There are 2 protein chains.
Amino acid sequence: MSQEHEAAGTIEDRLMQRFGTLTPTERLLAGHLTRNFPVAGLASMTYLAKEAGVSTPTVLRLVQKLGFRGYPEFQAQLRNEIEARLESPLSKHARWTDGVPQTHILNRFADAVLANLTRTLSRIDHADFDACAEMLADPKRRVLVTGGRITHALADYLVTQLGIVRPGVSALPSQSSTWPSALLEMRPGDVLIVFDIRRYESATLQLAEMAAERGADVVLITDPWISPISAHARFRFAAQIEVPSAWDSSTALMVLIETLLAAVQELNWPQAQDRMTRLEALYERASMFRRGKG
Amino acid sequence: MSQEHEAAGTIEDRLMQRFGTLTPTERLLAGHLTRNFPVAGLASMTYLAKEAGVSTPTVLRLVQKLGFRGYPEFQAQLRNEIEARLESPLSKHARWTDGVPQTHILNRFADAVLANLTRTLSRIDHADFDACAEMLADPKRRVLVTGGRITHALADYLVTQLGIVRPGVSALPSQSSTWPSALLEMRPGDVLIVFDIRRYESATLQLAEMAAERGADVVLITDPWISPISAHARFRFAAQIEVPSAWDSSTALMVLIETLLAAVQELNWPQAQDRMTRLEALYERASMFRRGKG
DNA sequence: CACACTCTGAAAAATAATTGACAGACTCGC
DNA sequence: GCGAGTCTGTCAATTATTTTTCAGAGTGTG
């Protein structure tokens, strides 16, 4: 009894295949279904029947002819197909690493990361993004960066890279006890970039609050849960961070940072290039010095 | 026609927007929903609730917070959005961020990053990868990590995260002048993870060479040009780093790191979990201490 | 023209989903 | 600690949906 349905292939295929064997009313329905595929099939049987101008039993009969036990089973399959179709653009495309099963951590992780990236980037408000890049490109504003337990590495990265492109970039010390003195230094127009993820730290919130009060522009980089700092931030960017592991992925944050960096660099390329050349020369001399005659 | 509910925008947008105002359980659900968007929302409330691990009323409450009168109304809207999304069959993936031209840095950068990821991951030798993860999961080996001018932030990240999962992880100090004393400490069986990108630094090469001589296993994380350290490394992983900018992207490196971390974590999950729980407790107490009675 | 047959929808029965009410668990401030 | 308030799941009521049953309409045939 438990035999599976003979019919295979996508629902659309099955509809085509069996069109010949359908009764007139069923064809009416099948026509409606293919015309409004696949969304029409997601509604309830009653609704679908009304839309197609047939009765509910007809819908059921068609669905059973297609090889499903009932309407719910049909819908489940339809949802699967829709999922596949929505995902296909790039992700399902190719398995990341050949030679290992799809369930290998390499593939699972890669899938998650790609999904995170796609979602993160598609959610960026490009007006915000451009405005923020422009702000960061302004050499008259000083830029301070701070991160939390996990994100301090990212803050560090941002400082290193942004510091290459423009002057006046520094990291806040990691000891929150030294922050008040940093706040004292802060002037209106300065920019505070805050990384704040998941287990939001209260000290960071206070920092952002006070910085905003002192007239600094706060840029918040966070997860989709959105840190409470959001309230004090002029710009907010949320990155997806969930991956198949017990911790959160920073990859999307990294991409966010790098994209911002690229935009800033593009905005004042001449100065940036000049700085980079000079920096390169300095490093050159430093390494000479180190290994040199001395 | 009729005045819409206050909330506007796509369901995904609404979810993002209101994330902040959601309760913990609702966030659980919202997380599941975004992760499996949009298909998860097409199933019945009961099913969705079970999948997300919450109760049906929670689903209903979330949906109402999103501005819908009930679950059916929510589903109707969802179907509309899916329809819109499917209408442009392949062009939908169109571009990462809508509303800006394809030439906008957001899109150009995203394309480059994706290409890097694909290439990086497809080039990983999975046997090597598994072996390396196993080595890193061995708590008897101590792990030292070092990076260069740009990559020290990544090294830092790796130390932070790997240090959560297992004991005996530390960063080498950034001053190369202090490395000899670190080398003195090094024992056969220890692991040295080296990040070395593009402008390969000679001090790092010497470090790796000497570490290998002293019996340490060297893991090299580099770019496709492959650093000269390769000769001394037991494991080599190359990440693609080119992006439309004057510098190199670290995103693929980040993914490499995180994937390794995920593998290590998976390999000795019980211990890792134990460590994480204890660490969490310590952080808890520390924050108590900071803001508490003291 | 009646008979056998298939097709179709109305309506009832069975099943499942949605929603509201409520109470225990939990958190936060005092 | 102890109440006020907030969350969140259990449960039951209501409502909708799916499925079955069945009778009438149509169709072609002897």
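Sequence lines set the chain letters: A, B, ... in the order given, protein chains first and strands last, and positions in each chain run from 1. None of these values were measured; they are calculated from a predicted model.
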Among C:dA11, D:dC7, C:dA21, the nucleotide that comes nearest once only the side chain of B:Pro24 is considered: D:dC7
Stems involving DNA chain D, each a run of at least 3 consecutive Watson-Crick or G-U pairs under 3.5 Å: C:1-30 with D:1-30
Nearest non-hydrogen partners of A:Leu136 and A:Val191, listed with the distance: CD2-CG1, 3.9 Å
Touch class at under 4.0 angstrom, heavy-atom based, for A:Thr46 against every strand present: base
Nearest-angstrom distance from the residue atom CG of A:Leu62 to C1' of C:dC7: 14 Å
Proximal nucleotide (of D:dT10, C:dT19, C:dT18) relative to the B:Leu60 side chain: C:dT19
Nearest heavy atoms of B:Arg166 and B:Pro139, plus distance in Å: NH2-O, 3.8 Å
Nearest-angstrom distance from the residue atom CZ of B:Arg27 to P of D:dC7: 11 Å
Length of the line joining B:Arg69:CZ and D:dA16:C1', which is rounded to integer Å: 16 Å
C:dG9 OP1/OP2 closer than 4.0 Å to side-chain N/O of A:Thr58: yes
Gap between atoms OH and P, on B:Tyr47 and C:dT18 respectively (whole Å): 14 Å
Distance-only donor-acceptor check, side chains A:Ser181 and A:Thr178, under 3.5 Å: no
A:Ser249 and A:Thr251 side chains, donor-acceptor separation under 3.5 Å: yes
Side chain of A:Ser44 (C-beta onward), nearest among D:dG9, D:dT19, D:dT17: D:dT17
Result of checking A:Arg141, A:Arg214, A:Arg142 against A:Asp190 for salt bridge (charged side-chain N to carboxylate O under 4.0 Å, His left out): A:Arg142
Geometric class of the A:Trp247/A:Phe109 ring pair [parallel <30°, tilted 30-60°, perpendicular >60°]: tilted
Length of the line joining A:Glu51:CD and D:dT17:P, which is rounded to integer Å: 13 Å
Closest-nucleotide ordering on DNA chain C, the 5'-leading residue of A:Thr25 and B:Met45: A:Thr25
Options D:dT18, C:dT18, C:dA11, nucleotide nearest the side-chain atoms of A:Gln75: D:dT18
Distance, rounded to the nearest Å, where B:Leu28 contributes CG and D:dT8 contributes P: 9 Å
Separation of atom NZ in A:Lys65 from atom P in C:dT6, rounded to whole Å: 11 Å
Proximity to the side chain of A:Arg61 - top-ranked nucleotide from D:dT8, C:dT8, C:dT19: C:dT8
A:Leu29 CG to C:dT8 P, straight-line distance once rounded to whole Å: 11 Å
Between A:Glu81 and A:Gln77, a side-chain donor and acceptor under 3.5 Å: yes
Short side-chain N/O contact from A:Thr23 to OP1 or OP2 of C:dT8, under 4.0 Å: yes
